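All remarks here apply to the structure that follows.
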Amino acid sequence: MSYKGPRGTYDVYPGGREPHERAGLWAFVEDRARGILGLHNYQEIRTPIFEEIELFARTAGEASDIVVQKEMFTFRDKGGREMALRPEGTPGAVRAYIEHNLFKLAQPTKLFYVGPMFRQERQQKGRYRQHTQIGVEALGTSDPLVDVEAISLLYSIHQAVGVKEEVVYLNNIGDMETRRAYVPELRAYLQRHAADLDPDSVARMETNPLRTFDSKHEGTQAVLAEAPNIGAYLSRAASEHLAAVREGLDALGVPYELDERLVRGLDYYTMTVFEAKSGALGAQDTVGAGGRYNALIPDLGGPDLGGIGFGSGVERMLLAAASHEQEPSLDVFFVTLAPEARVPAMRLAGALRADGVSCDLDYGGRGAKGQFKQADRSGASFAAIVGEDEISRGTVKVRDMASGEEREVGASDGATELLRAIGA
RNA sequence: GUGGCCGUAGCUCAGUCAGGUAGAGCAUCGGAUUGUGGCUCCGAAGGUCGCGGGUUCGAGCCCCGUCGGUCACCCCA
């Protein structure tokens, strides 16, 4: 056995060591999230996990490292088309929205998706080459109350799955007018302090100065601490939008912190951006994040409509959550004490399952003691014992595993008495 | 892609300093209890010491390389 899973991936299986490797927890998170999304009238969209590279290249922006540093998994199909495994969910969803003319319906179109995303990065805590996002896109409107709904939704999902030490950060990075006013000021300021910046930030200062705020470099952060704030440069529209979002969040009781240095990695964001972090994670502490993208739909060939969305990492939610794992439960474990008892036991198990009673039996050829031990470990409420004596009498012995109490019931006419004995 | 740390039983790890017969706990299986679990006791099974090369009479240990993991940078959910 020398095969290992691909670098940066993980398996989900019974008894997995890390929270995101445990099958039961995935079901828990998905159930909770789908429940809340349904309550807000969001409907599921499923798009391919690969698209043409061009779609992602356009949306991420030329300055984004997803494209520039080739963090996408790419391949060429047999027709020579350049394809990529999706690094994020928004482009595919927006592409489908336009392709199927969903904007002709009453707007907004409220969509959610759950699925794997791929980025060819080096793994670390909370970061994987294949990870799963629960995401939302509310398309076809620029109403600030939709922003409120999206942020509230993100917060609600996190609360429902038990994300610990969460803080939601909010900012408005403005419209074109805002950036025309702000970006030159920021760039000029950074250029004056270029000597104290890290090399990455010096390069970004020209291409996309907003992104320097993401740097973890000490010198850069010291410079940025004195940098002009975008808040003072917001256009009237941006400023009113931000005020409306804040008013809505306050009314709903969603706690948040305004952070004027919050920018997002993807270039398509405009106006509202937000990010939910958890202190229970490592350096990769963003659990979910998103923002408004008012130019994206027209950029991809659709009508001039706005949209907003977020993605939340399921692995990070699980890592940041208190464990809600449920003990596996079993109703009945069959103990067979003679070879000829095995088939009758399987038949009875089938009859019980037909009535919704979960059953299992020994396939390991264990002795009586071993089978009872297995029954105990399986968490079964009852053991149903079938041996030579029971077969000759046409009965089954039912043992209550908690009390140790046993009683013999008839089994010649199916599982009726057995069902009664276990109170099903 | 860059850097730190780490690769010994299914799992968690000791053994590396000072080269000399590969260990423990937990888990698994069996027995004590010929058809009865949890607790206890006894026993068994389980290892190319990540891989390759080198030094040496002798390498889990030293040297070189390589692969993998992990955390951090970068970037991002």
Side-chain angles (χ1 to χ4, degrees), chain A residues 1-10 15-18 20 60 63-72 86-90 114-135 154 158 163 198-201 203-204 211 214-218 263-266 275-278 281-290 309-320 333 335-338 341 364-380 382-390 397-406:
Chain A
M1 274 309 295
S2 56
Y3 288 110
K4 290 179 176 175
R7 166 172 259 187
T9 64
Y10 59 91
R17 304 200 70 75
E18 301 296 324
H20 65 279
S64 168
D65 287 341
I66 290 179
V67 177
V68 175
Q69 292 185 0
K70 299 191 172 57
E71 289 181 359
M72 280 193 285
R86 64 183 184 194
E88 50 162 340
T90 301
V114 180
M117 306 297 160
F118 304 84
R119 286 174 201 168
Q120 195 157 181
E121 310 172 285
R122 193 88 159 245
Q123 170 174 357
Q124 74 186 79
K125 189 178 177 70
R127 189 177 74 180
Y128 306 93
R129 290 188 161 192
Q130 174 176 339
H131 74 279
T132 307
Q133 285 186 33
I134 294 177
L154 178 64
H158 289 173
V163 170
D198 63 282
D200 284 328
S201 296
R204 240 180 262 156
R211 293 285 303 290
D214 281 335
S215 173
K216 289 181 183 176
H217 185 260
E218 250 181 63
V263 296
R264 303 282 311 123
L266 301 169
E275 190 162 340
K277 296 191 176 205
S278 168
L281 293 173
Q284 306 301 320
D285 58 356
T286 299
V287 184
F310 67 76
S312 190
V314 176
E315 293 81 3
R316 291 186 185 175
M317 284 192 253
L318 289 171
L319 288 170
F333 191 94
V335 173
T336 55
L337 299 170
R366 271 172 275 261
K369 179 195 165 91
Q371 291 188 53
F372 276 101
K373 203 172 206 171
Q374 209 191 343
D376 182 47
R377 286 190 194 147
S378 72
F382 296 93
I385 303 143
V386 188
E388 288 173 343
D389 300 347
E390 287 79 9
K397 198 176 280 181
V398 177
R399 178 184 178 85
D400 184 320
M401 291 301 283
S403 67
E405 216 171 291
E406 282 185 11

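Since this is a predicted model, take the numbers as computed values, not measurements.
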For [N], does OP1 or OP2 lie under 4.0 Å from any side-chain N or O of [X]?
X        : N     : answer
A:Arg211 : B:C76 : yes
A:Gln123 : B:G69 : no
A:Gln124 : B:C73 : yes
A:Arg122 : B:C73 : no
A:Arg377 : B:U28 : yes
A:Gln284 : B:C76 : no
A:Arg399 : B:G37 : no

task: For A:Gln130 and A:Thr9, test the side chains for any donor-to-acceptor distance below 3.5 angstrom and give the result as yes or no.
output: no
message: Just by distance, no angles: are the side chains of A:Ser312 and A:His158 close enough, under 3.5 Å, to form a donor-acceptor pair?
response: yes
Pick base, sugar-phosphate or nothing for [X], based on heavy-atom distances below 4.0 Å to the nucleic acid.
X        : value
A:Lys373 : sugar-phosphate
A:Glu406 : base
A:Glu390 : base
A:Gly135 : nothing
A:Ala375 : nothing
A:Ile385 : base
A:Phe310 : nothing
A:Gly364 : nothing

[N] and [M]: how far apart are their [atom1] atoms, nearest whole angstrom?
N     : M     : atom1 : result
B:U56 : B:A45 : C1'   : 35 Å
B:C62 : B:U55 : C1'   : 8 Å
B:G15 : B:G7  : P     : 10 Å
B:C11 : B:C17 : C1'   : 28 Å
B:U40 : B:G58 : C1'   : 44 Å
B:G52 : B:C67 : C1'   : 10 Å
B:A18 : B:U28 : C1'   : 38 Å
B:G69 : B:G25 : C1'   : 23 Å

Separation of [N] [atom2] from [X] [atom1] (nearest whole Å):
X        : N     : atom1 : atom2 : result
A:Asp285 : B:C76 : CG    : C1'   : 11 Å
A:Tyr128 : B:A77 : OH    : C1'   : 12 Å
A:Asp214 : B:A72 : CG    : P     : 17 Å
A:Lys4   : B:G10 : NZ    : C1'   : 15 Å
A:Arg86  : B:C76 : CZ    : P     : 19 Å
A:Gln371 : B:G38 : CD    : P     : 15 Å
A:Gln374 : B:G30 : CD    : C1'   : 15 Å
A:Gln120 : B:A77 : CD    : C1'   : 18 Å

field: Residue from A:Lys125, A:Arg316, A:Glu315, A:Lys277 passing side-chain contact (heavy atoms from CB on, under 4.5 Å) with A:Gln284
entry: A:Arg316
Strictly by Watson-Crick or wobble contacts shorter than 3.5 Å, is anything paired with [N], and which nucleotide is it?
N     : value
B:A59 : none
B:G65 : B:C51
B:C41 : B:G31
B:A22 : none
B:C73 : B:G1
B:U36 : none
B:C17 : none

query: With a 4.5 Å heavy-atom cut-off, do A:Val335 and A:Arg399 have their side chains touching?
result: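 A side-chain contact under 4.5 Å is absent here.
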message: In the structure I gave you, are the side-chain heavy atoms of A:Tyr128 and A:Gln123 within less than 4.5 Å of one another anywhere?
response: yes
- prompt: Aromatic rings A:Tyr10 and A:His20: how do their planes relate, parallel, tilted or perpendicular, breaks at 30° and 60°?
  reply: perpendicular
message: Taking donor-acceptor contacts at under 3.5 Å, does the side chain of A:Arg316 reach the base of B:C76?
response: yes
What nucleotide among [options] has an atom nearest to a side-chain atom of [X]?
X        : options             : value
A:Asp376 : B:G37, B:C71, B:A77 : B:G37
A:Ala283 : B:A72, B:C74, B:G37 : B:A72
A:Lys125 : B:A77, B:U36, B:C71 : B:C71
A:Phe372 : B:C76, B:C71, B:G37 : B:G37
A:Lys216 : B:C73, B:A77, B:C29 : B:C73

query: Nearest nucleotide by nearest heavy atom, which residue falls closer to the 5' end of RNA chain B, A:Asp400 or A:Lys277?
result: A:Asp400
query: Between A:Ser312 and A:Arg127, who's closer to the 5' end of RNA chain B by nearest nucleotide?
result: A:Arg127
Can you tell me how far the [atom1] atom of [X] sits from the [atom2] atom of [Y], to the nearest 0.5 Å?
X        : Y        : atom1 : atom2 : value
A:Thr336 : A:Arg366 : OG1   : CZ    : 10.5 Å
A:Thr90  : A:Met117 : OG1   : CE    : 8.0 Å
A:Arg119 : A:Arg129 : CZ    : CZ    : 13.0 Å

